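Hydrogens, waters and symmetry mates play no part in the numbers below; they use all other heavy atoms, side chains included. These numbers come from a predicted model, not from an experiment.
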Amino acid sequence: MYRAAVWGASGMAGGEVLRILAQHPSVEVACAVSNSKKGQFVWQVHPHLRANFSNLAFCNTDEGLSTAADIALLAVPHGTAVPIIESCLKKNMKVVDLSADVRLSSSKDYEAWYGHSHPNPELLSKAIYGLPELHRDDIRDAVLVSGVGCNASCCILGLYPLALMGLIEEARIEVRVGSSEAGASPTIGSHHPYRSRTLRVFEPFRHRHLAEILQELSLKESAVTLTMSAVEIVRGVQMLSHIRLSQKMSERDIWQIYRKAYAGNPFLQLCPAKPAHLRFPDPKLVTGSNNAMTGFALHEDGRRMLVVTAIDNLMKGAAGTAVQAANLMLGLDETEGLTMMPVYPV
Amino acid sequence: MYRAAVWGASGMAGGEVLRILAQHPSVEVACAVSNSKKGQFVWQVHPHLRANFSNLAFCNTDEGLSTAADIALLAVPHGTAVPIIESCLKKNMKVVDLSADVRLSSSKDYEAWYGHSHPNPELLSKAIYGLPELHRDDIRDAVLVSGVGCNASCCILGLYPLALMGLIEEARIEVRVGSSEAGASPTIGSHHPYRSRTLRVFEPFRHRHLAEILQELSLKESAVTLTMSAVEIVRGVQMLSHIRLSQKMSERDIWQIYRKAYAGNPFLQLCPAKPAHLRFPDPKLVTGSNNAMTGFALHEDGRRMLVVTAIDNLMKGAAGTAVQAANLMLGLDETEGLTMMPVYPV
Amino acid sequence: MYRAAVWGASGMAGGEVLRILAQHPSVEVACAVSNSKKGQFVWQVHPHLRANFSNLAFCNTDEGLSTAADIALLAVPHGTAVPIIESCLKKNMKVVDLSADVRLSSSKDYEAWYGHSHPNPELLSKAIYGLPELHRDDIRDAVLVSGVGCNASCCILGLYPLALMGLIEEARIEVRVGSSEAGASPTIGSHHPYRSRTLRVFEPFRHRHLAEILQELSLKESAVTLTMSAVEIVRGVQMLSHIRLSQKMSERDIWQIYRKAYAGNPFLQLCPAKPAHLRFPDPKLVTGSNNAMTGFALHEDGRRMLVVTAIDNLMKGAAGTAVQAANLMLGLDETEGLTMMPVYPV
Amino acid sequence: MYRAAVWGASGMAGGEVLRILAQHPSVEVACAVSNSKKGQFVWQVHPHLRANFSNLAFCNTDEGLSTAADIALLAVPHGTAVPIIESCLKKNMKVVDLSADVRLSSSKDYEAWYGHSHPNPELLSKAIYGLPELHRDDIRDAVLVSGVGCNASCCILGLYPLALMGLIEEARIEVRVGSSEAGASPTIGSHHPYRSRTLRVFEPFRHRHLAEILQELSLKESAVTLTMSAVEIVRGVQMLSHIRLSQKMSERDIWQIYRKAYAGNPFLQLCPAKPAHLRFPDPKLVTGSNNAMTGFALHEDGRRMLVVTAIDNLMKGAAGTAVQAANLMLGLDETEGLTMMPVYPV
Amino acid sequence: MSKLVTCIVCEGKIQVSDDLLEGEIIVCPDCGSELEVVSLDPLTLEEAPEVQEDWGE
Amino acid sequence: MSKLVTCIVCEGKIQVSDDLLEGEIIVCPDCGSELEVVSLDPLTLEEAPEVQEDWGE
Ligand SMILES: NC(=O)c1ccc[n+]([C@@H]2O[C@H](COP(=O)([O-])OP(=O)(O)OC[C@H]3O[C@@H](n4cnc5c(N)ncnc54)[C@H](OP(=O)(O)O)[C@@H]3O)[C@@H](O)[C@H]2O)c1
Ligand SMILES: NC(=O)c1ccc[n+]([C@@H]2O[C@H](COP(=O)([O-])OP(=O)(O)OC[C@H]3O[C@@H](n4cnc5c(N)ncnc54)[C@H](OP(=O)(O)O)[C@@H]3O)[C@@H](O)[C@H]2O)c1
Ligand SMILES: NC(=O)c1ccc[n+]([C@@H]2O[C@H](COP(=O)([O-])OP(=O)(O)OC[C@H]3O[C@@H](n4cnc5c(N)ncnc54)[C@H](OP(=O)(O)O)[C@@H]3O)[C@@H](O)[C@H]2O)c1
Ligand SMILES: NC(=O)c1ccc[n+]([C@@H]2O[C@H](COP(=O)([O-])OP(=O)(O)OC[C@H]3O[C@@H](n4cnc5c(N)ncnc54)[C@H](OP(=O)(O)O)[C@@H]3O)[C@@H](O)[C@H]2O)c1
Ligand SMILES: [Zn+2]
Ligand SMILES: [Zn+2]
């Protein structure tokens with residue numbers, strides 16, 4: 001049994017890491033770090049985990065650092081992970097950092113998108129972007145892997161087959177997100193009377209996750225817009241990409257491209273073209289699972305295309321992909337602890 | 001045109017007062033008081049009111065007190081209304097106070113339910129409980145009227161016909177509430193991921209509003225329990241009262257009792273007994289309106305009874321009833337500005 | 001008092017026509033036609049209208065045709081309106097037909113989009129497209145006016161200022177719709193467990209309403225795609241249009257264009273650019289009202305633009321605009337009976 | 001590997017049986033019976049199961065009966081199970097029947113509650129009520145086990161500790177249900193615009209499931225009312241029981257009673273008394289799992305008590321309990337295939 | 001051309017036309033009950049059995 | 001006691017009091033922009049940096 005230290009364990013993504021590890025056959029929880037909840041039982045914050053962790057209490061940073069573990073999973077806010085990464089690496093733990101701190105490989109890009117220089121640029125060159133579908137082999141050998149942006153991973157998984165072929169001339173990406181994406185702390189924007197049933201367009205053209213998308217798909221910013229909307233779901237991200245292809249394609253071609261790219265990736269699923277109502281994936285279909293579903297339609301002109309991808313932001317968009325990467329880093333089967341079925345309808 | 005000063009204008013109930021007054025034929029807004037939003041346009045907080053109040057800005061307490069007005073409507077938190085009431089009365093304004101500060105007529109009751117003595121007990125004896133259905137004539141002559149608890153008014157309106165006849169031997173009251181009831185400030189309990197689709201039982205046996213219910217229905221606490229649940233709606237309160245009648249009754253009797261009690265009350269509606277799915281009112285049917293709908297069923301044993309009442313908490317449960325009382329105090333028709341249709345389905 | 005015959009009165013749009021007319025100062029309901037519900041009280045189908053129509057019962061087609069009325073409002077399914085229009089015109093009633101039967105002016109277009117030839121092409125040349133914002137004067141003089149597609153009217157109102165200036169080179173339109181758009185009859189797609197919280201992309205590139213959009217905006221189909229998604233709301237349509245402008249523009253220019261186009265249109269509102277969270281309209285802000293809100297952002301390249309428009313599909317997208325047209329046809333003020341406030345938050 | 005025939009496989013409960021069996025370590029799907037969908041792939045009806053059953057097609061009754069299987073799980077409508085039970089038993093399959101056909105042990109009770117005599121009363125005496133928490137040993141030896149009513153199982157699990165001790169003098173039971181309870185077929189009541197956010201009280205005093213509750217808890221009908229409300233969730237049942245205890249009790253006593261009764265039942269969980277917001281269970285906390293959570297509060301008078309229980313109707317209220325019973329009948333560990341974590345928040 | 005009868009369920013007043021027929025079903029606008037005219041002289045009403053739409057669960 | 005100035009973002013008309021001060025922030029009621037009065041003579045406005053409430057995700 002490997003031992004994992006979970007940081008940010010009182011948060012939304014941290015709680016999901018715990019939910020996964022509760023039944024992981026080869027990894028157990030070494031400690032659950034939260035400074036604000038130190039001493040409280042984990043179930044006081046995550047009541048759904050009570051049967052699994054009846055006696056586990058949160059520990060603070062110091063206790064976390066002095067707990068022996070094979071790997072650390074950091075679900076802490078952007079900008080706070082770097083010192084924890086440094087400490088964990090020093091103690092020879094492997095690290096998966098779900099925050100955005102080491103997602104970009106170029107410190108120049110980091111500065112451009114985050115508005116300040118990176119506190120430890122060496123980490124950026126060491127870290128692997130933690131999407132197994134793109135970097136499986138590198139992750140196996142890595143000691144430091146970044147998690148993925150939930151919106152970013154949804155977009156990347158849906159578009160990389162086309163990007164690899166150089167087919168994306170222009171992409172107008174719509175992303176719809178649920179409320180769990182913003183974490184466990186209440187804000188005016190998450191206040192139920194206002195958040196409920198909203199169709200809130202909160203970014204017209206770009207979002208920080210665009211940096212990861214451009215990096216991983218090797219696209220130029222001028223070719224891509226990313227529009228973000230908050231909608232009435234708790235879990236789930238859905239991407240709609242309106243693509244202009246760089247050359248005329250047939251539907252058959254597209255099928256081959258996706259099929260080839262997705263082969264060997266246990267969590268990627270292509271939607272059927274028929275019946276029509278199943279052509280594009282609804283996040284409802286992946287709730288609670290680590291699945292990513294993608295569907296597409298090609299316009300009769302052969303140049304316009306719609307690609308739709310759906311994931312559960314807390315699973316494939318955060319904790320699920322993080323554990324998937326951890327599995328690879330620990331030499332385990334990629335799917336261990338991650339084969340839970342989606343819950344539908346819910 | 002009468003002029004009304006609206007206090008707590010940046011809040012949930014205050015916003016609803018403004019929504020009503022925006023189209024009131026005889027009352028206009030003199031000022032909208034909010035200290036934290038002072039100087040901001042009203043539409044920056046209440047964007048749905050932009051077409052109606054394009055240039056109105058919030059003013060602070062001092063400006064509020066120095067604005068000439070015929071009546072003040074206070075939608076401020078419990079415990080903060082008394083000094084405002086005192087200042088307004090001194091300036092010869094009439095006052096409707098939506099908070100709980102002057103709802104109870106006995107200062108002993110106030111102390112028992114609120115845990116501290118009342119800062120100005122004289123106000124309690126002066127104030128009329130602002131439910132026109134029970135105190136229409138007194139309200140007409142009053143200078144100080146309390147608003148109503150949203151849960152309390154729902155319960156009182158549903159049960160007073162039975163209470164007047166002395167028929168309530170025991171009442172187990174279930175109240176289900178929407179998220180707007182808790183006001184405009186985010187809390188962990190109102191955070192969308194947790195509040196969404198919740199069925200949260202937050203009070204097993206009593207709630208502060210019970211004090212008003214007992215007072216207005218002349219019931220003893222030992223005969224009544226009040227269980228509160230938060231459910232997935234934004235607006236709306238629904239009461240289910242499981243009654244044990246003090247004597248055996250027939251359905252026909254109950255119809256007569258309710259019909260008689262409700263006669264002459266423009267916002268009270270009795271549900272049909274058939275078709276069965278319309279027998280008990282759903283808050284969906286009153287959304288946005290000042291209506292209160294009540295339906296009942298009598299058990300075949302003639303002693304057990306279920307009474308269900310539905311209101312929109314921001315209208316009949318707060319701002320609607322407050323304006324209804326203000327109308328009476330100003331000598332206007334009770335229904336002025338309050339005849340808006342419910343929006344259904346929504 | 002003018003008298004209006006309401007056809008399709010048992011349906012979703014018909015119910016909303018009744019909700020409006022219940023408080024219209026100058027138009028009253030002459031009859032409510034429904035063959036399947038004939039003899040039932042209107043409130044048995046529309047329980048929220050009970051206080052307003054306590055004794056009105058549905059009548060059948062024959063009774064409908066023999067009831068004297070000044071105007072007929074038809075909220076019947078597409079393909080069933082033509083014979084009713086013919087009969088009503090013969091009886092010298094004016095007609096507003098909410099269905100799609102007379103929305104297109106060209107019978108060739110009709111055939112292309114609806115797959116069969118029009119049963120009475122003469123009506124097409126006689127009918128005016130019933131959007132007062134575009135055809136106010138023609139509507140005043142018309143005896144036959146079409147209603148508007150709910151999605152179409154949302155798109156047209158948001159884009160006509162740009163279209164008038166010839167600025168739309170390409171438009172990728174996303175429309176999000178609520179469940180009331182599909183009418184009052186249950187289907188597998190409207191079944192709550194499946195419809196609830198769905199993000200169902202049901203049309204990738206076009207929809208019948210595109211025909212109206214192209215006609216009214218004088219755009220070519222090759223420049224426009226229309227993607228439709230069903231989302232978790234009951235009322236509401238939201239359009240997001242990703243525009244490529246035909247020439248570089250400044251934000252100031254766009255403001256002038258919209259301001260000029262919207263001037264004199266009582267129900268059109270422009271969103272502020274700041275604060276950012278109010279820049280794009282949420283259908284939540286117009287629920288129950290006849291308002292249409294539009295907001296936009298111009299990309300820093302001056303060529304990419306996002307336009308967002310929100311309406312209540314049953315109001316501005318159906319019954320509201322129909323009554324607005326009827327008002328004009330009857331010589332009344334356009335806004336009569338339509339000034340109800342939005343209900344927010346709900 | 002045991003083989004299970006799933007009947008009613010195209011339905012809501014049948015789909016959940018398939019979802020469970022997709023990952024059951026010891027039971028596999030022998031066939032999925034649906035006459036109306038015969039020949040279609042299972043994923044065309046249950047798209048979330050596509051990765052697990054990519055090639056499984058529905059078969060019809062004849063094919064179902066001629067497929068070899070160790071056990072049959074019937075998720076067919078009430079009134080249609082008896083002939084299937086008879087055929088399966090004849091073929092020496094064991095049977096779990098989720099419908100209400102064999103839930104009552106007395107044919108007299110059956111007639112009283114279902115309004116017609118039972119077609120095969122012998123089955124009633126042979127069948128065991130399939131709640132392992134009450135009949136574990138009998139189920140192990142049975143060839144025919146009934147499933148449980150979802151509302152019934154929620155109530156029974158919450159109340160049997162008190163009932164066993166003879167403590168229930170009176171129970172006023174409130175049950176709140178989600179839309180998946182009514183199955184996969186659309187009706188006017190499940191139409192999204194009407195079902196969405198409803199608080200629909202559809203039974204004031206009783207419901208057919210009351211028969212099972214009375215039978216299993218040995219209570220008299222005169223002591224119990226069962227009020228049913230449909231609320232805005234898809235999955236989930238929540239019971240609130242307002243109990244009058246037959247004698248004065250202390251909180252400590254109640255804790256002992258529940259602890260003792262729940263010991264050894266892997267899916268039953270008692271809520272903590274503190275913090276207060278976790279005292280009563282929300283169905284949100286068990287979504288997708290086979291857990292049943294119960295919390296209680298005792299009034300200071302020692303006689304009034306509130307008991308709240310929450311389950312996922314498709315899991316512990318239907319398919320989960322059915323598989324749990326099947327496990328016992330097949331000599332497997334009761335929890336096999338049923339240990340999936342709840343998905344929270346969702 | 002119309003007269004008032006009293007609802008047997010709620011004692012509400014129901015407006016009916018003068019040419020009421022035996023066997024006719026009338027609906028009380030107050031309580032919604034469907035009442036069958038079982039005899040005209042004396043006017044006798046009975047509750048008609050309810051045909052329910054599917055609004056339960 | 002008030003005069004109209006033109007918004008530099010949308011060219012909307014903003015009503016301001018006569019005793020406008022340098023450094024004052026005014027809000028355009030049309031486009032909502034916050035504008036700082038950087039000089040009074042000639043009247044010069046600049047867009048003020050926006051302080052955002054947390055409405056994103
Ligand atoms: N939510 C998602 O869908 C999602 C998806 C992908 C990636 N992520 C990433 O996951 C991370 C956590 O996101 P979340 O949504 O779970 O946020 P969250 O709910 O706000 O949780 C943040 C956690 O970090 C801890 N924390 C806060 N400040 C800290 C500090 N200075 N040092 C160490 N720990 C600190 C908090 O615990 P205490 O304050 O109690 O210590 C809490 O447990 C973020 O970096 C986010 O970008 C989230
Ligand atoms: N929400 C309902 O359904 C409902 C129903 C019935 C009755 N009520 C009553 O209405 C009142 C307001 O409730 P709400 O839900 O609208 O709450 P809310 O949204 O929190 O609004 C409270 C308002 O009071 C102002 N305020 C806060 N502290 C104040 C102080 N010390 N002095 C003066 N004003 C202060 C706030 O504005 P600034 O902080 O900006 O000054 C805000 O405008 C409460 O007394 C409540 O019991 C509410
Ligand atoms: N829902 C919207 O948001 C919306 C928006 C814009 C436009 N519209 C248009 O409004 C019309 C009605 O839509 P809806 O959503 O209200 O649909 P709906 O709820 O299905 O209502 C249809 C109505 O038409 C009646 N009807 C059905 N077949 C008929 C026939 N052959 N002849 C005459 N009447 C018939 C029905 O009553 P009986 O069967 O009882 O006679 C019912 O009252 C449609 O043309 C639609 O395109 C709707
Ligand atoms: N939904 C719940 O929460 C729940 C909880 C506890 C128990 N149950 C019980 O489970 C059973 C199924 O409920 P459900 O909600 O899943 O209903 P459902 O979604 O309507 O499914 C019913 C299934 O039965 C099949 N069926 C219909 N008529 C049949 C017949 N005459 N003979 C054989 N099969 C027939 C249908 O398939 P075809 O028509 O395609 O053959 C369908 O697969 C019911 O007895 C119900 O009481 C349900
Ligand atoms: Zn009656
Ligand atoms: Zn401006």
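Note that CZ of C:Arg50 is 7.0 Å distant from CE of B:Met293, once rounded to the nearest 0.5 Å. Within the model, atoms CD of C:Glu232 and OG of B:Ser196 stand 9.0 Å from one another, a figure rounded to the nearest 0.5 Å. Of the inter-residue distances, the one linking C:Gln44 atom CD with B:Lys274 atom NZ reads 11.5 Å to the nearest 0.5 angstrom. Distance CH2/B:Trp43 to SG/C:Cys271: 9.5 Å, rounded to 0.5 Å.
For C:Met341, the parts lying near chain B are the backbone and the side chain together; criterion is any non-hydrogen pair under 4.5 Å. Only the side chain of C:Met12 comes within less than 4.5 Å of a heavy atom in chain B; its backbone stays farther off. In this structure, the portion of C:Asn52 lying under 4.5 Å from any heavy atom of chain B is its side chain and not its backbone. Neither the backbone nor the side chain of C:Pro281 comes within contact range of chain B; no heavy atoms are under 4.5 Å apart. For chain B, the nearby part of C:Leu270 is the backbone; its heavy atoms alone come within less than 4.5 Å. In this structure, chain B has no heavy atom under 4.5 Å from any part of C:Ser289.
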Candidate pair B:His48 and C:Val343, rule side-chain contact (heavy atoms from CB on, under 4.5 Å), full reasoning: CA-CA 8 Å; B:His48 60 304; C:Val343 180; over 6 Å; no
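Counting heavy-atom pairs closer than 4.5 Å to chain B, the top-ranked of the candidates C:Ser179, C:Pro272, C:Gly15, C:Ala22 is C:Pro272. No other option in B:Thr339, B:Asp282, B:Val286, B:Thr287 has as many heavy-atom pairs under 4.5 Å with chain C as B:Thr339. Counting heavy-atom pairs closer than 4.5 Å to chain B, the top-ranked of the candidates C:Gln23, C:Glu16, C:Met315, C:Met340 is C:Gln23. No other option in C:Val346, C:Asn291, C:Leu285 has as many heavy-atom pairs under 4.5 Å with chain B as C:Val346.
Looking only at distances, no side-chain donor or acceptor of C:Gln269 sits under 3.5 Å from a matching main-chain atom of B:Ala51.
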